[in-house]
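Naming: A, B, ... by sequence-line order, numbering from 1 per chain. Treat the numbers as computed from the prediction; the structure is a model and nothing was measured.
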Amino acid sequence: MVSQIDLYSHTQRPVLAFQNIQIFRGKNQVVRQAGGAVHQGELVALIGENGAGKSTLLHALAGQMSASGNIEFLGQDIASWPVDVLATKRAVLNQHTSLPFAFTVPELVAMGRYQIAETNQQRDAKVEQYLACVGLAGHMSRTVNQLSGGELQRLQFARCLAQLDAFEPNHQHREDQSAKLMLLDEPTAALDLRHQHSLLQAVKAFTEQGNSAVIAIHDLNLAALYADKIMLLKDGVLAHQGSPSSVLTADILTNTYQTPINVMPYPNADAPMVYSAVAQGANQLWQIQSKNLGEQDAQTSIV
Amino acid sequence: MNSVAQVFAKQQQHSTVWQLTIVAFVLVLAVVALGFGPAGWDWRLAFAWPFSPETFGFSELQLQVVTQIRFPRLCVAIVIGAVLAQSGTATQSLCRNPLAEPSIIGISAGAAVFAVAVIAFAPRFGYSPDLILPYAAFAGALLTTCLVYFLANRNGDMQVITLILVGVAINALAMALIGLFSFYADDNALRLINYWTLGSLAGATWPTILQALPLLLLSLAGLYWRQSQINILLLGESEAKYLGIDTRKLKREIIIWVALGIGAAVALSGMIGFVGLVMPHIARLIVGPNLKQMLPLAMLLGALMLLLADWLARVLVAPAELPIGIITAMIGAPLFVYLLLEQQRGRRG
């Protein structure tokens, strides 16, 4: 009997490994120095301030952007993977996607199954399963332009789940060759609280089956609750990586985000909880201003 | 609540009903096109050709008009209509833009420039233009498609405004070159050139058809074969790549098939605009953007529109004949404006 710890022990070859990554956009060096590894069963959160290079690094890891350095997926250079094979092992969710053509909800998810040889009945069953998983089973006959931003994001996520058949039990999950990888760019950005958590729970369920995921995310508390490992980008450098409690400290975060940040234990979970130390001060400042301006003026100026 | 299978089945059923309806319309119009024209105005003409002239009281000449003029034009109208609609769909997918169309973005004009150059200059060197015409038009279409693609492409997406401006520039350049070439052309070539720029199926005789038909059919088959991949390209280039499609190869293929189809179509019938724009649009409004349902319908609608336009071109000012491009533009342009407004109101399309 192999224990959980042995199973995901870091002595094995990582699912995704990258070293010395440097990425230029025009003359601008967006990522200056990044190196790290994502192991089987790990959910990695990529955090950092706006413009730190999170999305850029994520797209480089997806093999979509030319970057200097090494990026290996399952021990093989990402660029040397045939796209059709890669599509069965790795899914990517982009942050901004325009859809000028109004496909129906199930059509979009079915496209995720493009590389999989199966009958239409099998495909339809998968589409149904993953639509239900993101709570869109009731929107079956809608087209994508009839969805809200959050619904669209969940729909695209369902496509990624269907592409990797994410919740199919991964029977040979002790061999790293069967590990699948999901790269998600701000998957929770447009979602309400309930759906933020249900999406990340789905990703967590995916990684717990011996798969891996990297998520670029702004919400530090979601990162703290769900990630096994945090990678923190600052000015294009992967400055810190490690467990949530080792990276999400008041010192590191205050230094990174250039604003006072405090950390306390999460009330109902074994994780750090991050909050802004500015909030109290801002409130006081606001009260002083309102007194000076008179309540009415202040309220109209806020609107 | 509907199941996925039910939703898909309903979509397919809806599109099959529409396809059969359009097929019925095409058949009716085929009878009209064969039966009614300046040389004889009787629906029975459409069915009289296998019999001796006396059976229905038609003259030998009338039956010859049907078999040698009306029937080849009928075939060409159907094939070219389908090719134009399909190439339009493919260009729209390539540009990820529902307003991209070979005649608007300059591909047809590029093909016409090369065709006109051959007409104007080939006789001077002692060649007959007919033989090389489809291939020259193909080369022109290929060159322009690549040009448009590289000029307007920004990370796999094309903005409407860039596309249309590139199209305006290429069309203007093409018209200037066609004008320049006509300057050097003799009278005979001049008449041909004039006919080229407005489009006409009058030149469709069996020998020219047989020359262009393989190219047209190849283009039809090539694009039809790739429809499920083209479908996914509609999601965006990076998405398509992540879903396992070799997008560079696919885009190259689309460019070649579109250029082949448009080149051969222009060689055979000149520049016919709007079919490739309006028919895919209508098909999308009816059955949605999925190529599995939309492409056959768009092709059938293209065939229907060209058949109708060619018949009108023959009968409206009989015994003279209008260029077919005038008719398609007169039907297509108002429809285009209507669709544009409809789309802006946020309807499906």
Side-chain angles (χ1 to χ4, degrees), chain A residues 59 62-65 81-94 96-116 120-132 137-146 156 159-160 162-163 182-183, chain B residues 1-12 14 89 92-93 95-100 155-160 228-250 280-281 283-285 287-294 343 345-349:
Chain A
H59 285 105
Q64 182 73 325
M65 189 167 280
W81 279 86
V83 280
D84 50 341
V85 182
L86 197 56
T88 62
K89 292 174 175 293
R90 191 216 49 194
V92 184
L93 180 65
N94 283 337
H96 300 293
T97 44
S98 64
L99 285 167
F101 297 92
F103 287 101
T104 61
V105 164
E107 272 173 348
L108 195 93
V109 179
M111 285 185 188
R113 305 291 295 167
Y114 177 71
Q115 282 298 345
I116 289 116
N120 285 354
Q121 284 83 358
Q122 287 168 327
R123 184 200 60 200
D124 294 349
K126 292 291 175 199
V127 170
E128 205 150 322
Q129 178 189 348
Y130 292 109
L131 272 178
H139 291 356
M140 217 65 102
S141 42
R142 289 212 198 167
T143 61
V144 292
N145 57 351
Q146 292 166 334
Q156 299 272 29
R159 176 173 59 78
C160 290
Q163 183 185 347
M182 235 186 241
L183 300 173
Chain B
M1 188 168 39
N2 291 328
S3 77
V4 170
Q6 280 171 321
V7 172
F8 284 157
K10 219 169 121 189
Q11 262 175 274
Q12 192 57 50
H14 177 63
T89 309
Q92 285 147 24
S93 314
C95 302
R96 280 194 83 217
N97 194 317
L99 291 178
N155 305 322
D157 273 14
M158 296 190 192
Q159 300 297 313
V160 189
S228 60
Q229 293 201 353
I230 298 174
N231 223 4
I232 292 176
L233 196 61
L234 292 176
L235 291 186
E237 200 178 334
S238 70
E239 268 78 5
K241 215 182 277 179
Y242 294 144
L243 287 172
I245 288 169
D246 188 343
T247 49
R248 283 178 68 152
K249 195 171 141 225
L250 180 62
H281 238 97
R284 243 178 245 121
L285 285 172
V287 294
N290 194 332
L291 263 64
K292 190 179 170 209
Q293 285 106 27
M294 173 269 184
Q343 197 187 18
R345 287 191 205 110
R347 301 258 183 93
R348 187 172 180 181

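For the options A:Ala125, A:Cys160, A:Pro106, heavy-atom pairs under 4.5 Å to chain B are most numerous at A:Pro106.
Contact detail for B:Ala5 and A:Glu128: the closest heavy-atom pair is N-OE1, 4.5 Å. Here the closest non-hydrogen pair linking B:Val4 and A:Leu131 is CG2-CD1, 4.5 Å.
Between B:Leu235 and A:Arg159 the shortest side-chain heavy-atom distance falls below 4.5 Å. Considering only heavy atoms from C-beta on, B:Phe8 comes within 4.5 Å of A:Arg123 through its side chain. Contact check for B:Asn231 versus A:Met111: side-chain heavy atoms found under the 4.5 Å cut-off. You'll find the side chain of B:Gln293 reaches within 4.5 Å of the side chain of A:Glu107, heavy atoms only.
If you measure heavy-atom distances from A:Leu99 to chain B, the contacts under 4.5 Å come from both the backbone and the side chain. Proximity to chain B (any heavy atom under 4.5 Å) is restricted, for A:Leu108, to the side chain, taken from C-beta onward. The contact between A:Gln163 and chain B is made entirely by side chain atoms (from C-beta outward), counting heavy-atom distances below 4.5 Å. Both the backbone and the side chain of B:Tyr242 have a heavy atom closer than 4.5 Å to some heavy atom of chain A. Both the backbone and the side chain of A:Ala62 come within less than 4.5 Å of a heavy atom in chain B.
Between the side chains of A:Asn94 and B:Ser238, a donor-acceptor pair is found at a separation under 3.5 Å.
We find the CZ-CZ distance between A:Phe101 and B:Arg284 to be 4.5 Å, quoted to the nearest 0.5 Å. A:Thr104 OG1 to B:Asn290 CG: the interatomic distance, rounded to the nearest 0.5 Å, is 7.5 Å.
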